[in-house]
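Beneath this line is the structure, given in structure tokens, with notes to follow.
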2 protein chains.
Amino acid sequence: MRIGDLSARTGASRRSLRYYEEQGLLVSSRSPSGQRHYEDEHVQRVRLVQAFLAAGMSSGTIAEMTPCMAEPNEDRARQALEIMSRERARLSQAIDHLAAARNALDNLIEDNHAYLARSAQDGS
Amino acid sequence: MRIGDLSARTGASRRSLRYYEEQGLLVSSRSPSGQRHYEDEHVQRVRLVQAFLAAGMSSGTIAEMTPCMAEPNEDRARQALEIMSRERARLSQAIDHLAAARNALDNLIEDNHAYLARSAQDGS
DNA sequence: CTAAAAGCTCACATCAATGTCAGGGGCAAG
DNA sequence: CTTGCCCCTGACATTGATGTGAGCTTTTAG
């Protein structure tokens, strides 16, 4: 599969896929002429990267968490675990923040409804 | 209360507070010499803005949602309601994305634990 | 009164992911 | 062979909130 196919299957632009590779988030084998080739499993890999990016992680953080290219070893695994639990906490906190913002928004919506109801009753 | 006090009470930098004002998210009364002065209620206002910004809303969106300076009128209220429900949906979706990313992270964490356990058992 | 601390405006810098354009190959079908 | 489509690298642009610094004025504390 070439980069255009992977792009079509994941929704990530070709530009983004090259960027992911540049950041160490994705690997590719190259044809003799230099074109990138991917396997089916890379589709899942890109989806994971997309999910983490959409969750507000930086590419550097994702690279630290997911040993995609480097040989896994114990020290690296322990360090990755540390980063993962830190990021997990950050995600939980972000979820809480979003929920709080949604609550605040619900209050505003209610206020606005009340305003409109009053406005209609008072005779516009 | 001057800008430094408001900054201390909200954690927003002076720069950010001026930026919020520039974007129409915050109002201030000015002393004859031009210094900004705030009331206690503005602390809450800044906290709301911070919550929405932290939730990934743009300042433009926040401005559209929260009629902070303009006279409220019916049309404006209806339009704000529309934007608010759109943003509420966006927030809910973002929460889902974050939860999905956290699940993916949990899987990685488990994989990593399994790897370390196996590594310890095999004799490092 | 004087010096430090805080404010003001304006302008430029930053970061990160992505868009976009330019200039140049590679490969398949007519 | 040539036309068309996909790919390559490299560079510059963008967006939005915030940092930072300069140059100057106001307020406050000693």
Side-chain angles (χ1 to χ4, degrees), chain A residues 1-39 42 45-66 68 83 87 90 94 97-98 101, chain B residues 1-39 42 45-66 68 83 87 90 94 97-98 101:
Chain A
M1 164 174 23
R2 287 187 298 170
I3 196 171
D5 306 317
L6 186 59
S7 170
R9 274 173 224 195
T10 60
S13 69
R14 297 179 249 278
R15 175 71 174 87
S16 294
L17 293 175
R18 296 193 190 103
Y19 177 73
Y20 298 163
E21 178 170 330
E22 185 185 318
Q23 300 296 308
L25 307 180
L26 184 62
V27 285
S28 67
S29 52
R30 298 299 188 102
S31 76
S33 66
Q35 299 201 346
R36 293 171 175 83
H37 284 267
Y38 302 96
E39 306 305 317
H42 289 109
R45 174 73 196 177
V46 170
R47 296 228 166 94
L48 184 67
V49 169
Q50 286 180 309
F52 283 161
L53 282 178
M57 293 185 195
S58 75
S59 59
T61 300
I62 302 175
E64 288 175 312
M65 288 192 324
T66 66
C68 67
I83 294 170
E87 284 306 305
R90 214 188 49 74
H97 283 161
L98 285 189
Chain B
M1 161 172 29
R2 286 188 299 169
I3 197 172
D5 306 317
L6 184 59
S7 170
R9 273 174 226 195
T10 60
S13 69
R14 296 178 251 277
R15 174 70 173 89
S16 295
L17 293 176
R18 296 194 191 101
Y19 178 74
Y20 299 162
E21 178 170 330
E22 186 186 318
Q23 300 297 308
L25 308 180
L26 184 62
V27 283
S28 66
S29 52
R30 299 297 189 103
S31 76
S33 66
Q35 300 202 344
R36 293 169 175 84
H37 284 266
Y38 302 96
E39 306 305 317
H42 290 108
R45 174 75 195 176
V46 171
R47 295 229 165 94
L48 185 66
V49 169
Q50 287 179 309
F52 284 161
L53 283 177
M57 293 184 194
S58 75
S59 59
T61 299
I62 302 175
E64 288 175 312
M65 288 191 324
T66 67
C68 67
I83 294 170
E87 285 305 306
R90 215 188 47 75
H97 284 160
L98 285 188

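Letters A, B, ... mirror the listed sequences (proteins, then strands); counts begin at 1.
Annotation: the span from T10(B) atom OG1 to R45(B) atom CZ amounts to 13.0 Å, rounded to 0.5 Å.
With rounding to whole Å, Q35(A) atom CD is found 18 Å from dG24(C) atom P. Rounded to whole angstrom, the span from the CG atom of L17(B) across to the P atom of dA6(C) amounts to 15 Å. Nucleotide dA17(D) holds its P atom 6 Å from the CD atom of Q23(B), rounded to whole Å. Computed from coordinates, the M57(A) CE to dA17(C) P distance equals 12 Å when rounded to whole Å. Put simply, OH on Y20(B) is 12 Å from C1' on dG16(D), counting in whole angstrom units. With rounding to whole Å, H37(A) atom NE2 is found 9 Å from dC7(D) atom C1'. For L25(A) and dA17(C), the CG to P distance is 8 Å, given to the nearest whole Å. I3(A) has its CD1 atom 17 Å from the P atom of dG26(C), to the nearest Å.
Note on R14(B): every side-chain N or O is 4.0 Å or more away from OP1 and OP2 of dA6(C).
No donor-acceptor pair under 3.5 Å is formed between the side chain of S59(B) and the backbone N or O of Q23(B). Of the possible polar contacts, one joining the S7(B) side chain to the A12(B) backbone as a donor-acceptor pair under 3.5 Å is found. Proximity of a side-chain donor or acceptor of T66(B) to a complementary backbone N or O of I62(B) within less than 3.5 Å is detected.
In this structure, the nucleotide among dA16(C), dT9(D), dT18(D) sitting nearest to the side chain of Y19(B) is dT18(D). Among the nucleotides dT9(D), dG19(D), dT9(C), the one closest to any side-chain atom of R30(A) is dT9(D). In this structure, of dA17(C), dA17(D), dT18(D), it is dA17(C) that holds the atom nearest to the side chain of S59(A).
Among the heavy atoms of the strands, none lies under 4.0 Å from S31(A). Across all strands shown, R36(A) has heavy atoms under 4.0 Å from sugar-phosphate atoms exclusively, and none from any base. Using a 4.0 Å heavy-atom cutoff across all strands shown, R2(A) reaches sugar-phosphate atoms only and no base atom.
No side-chain donor from either of T61(A) and E87(A) sits under 3.5 Å from a side-chain acceptor of the other.
The residue among S33(B) and G34(A) whose nearest nucleotide of DNA chain D is located toward the 5' end is G34(A).
In terms of polar N and O atoms assigned as donor or acceptor, the side chain of R15(A) comes within less than 3.5 Å of the base of dT20(C) in a complementary pairing.
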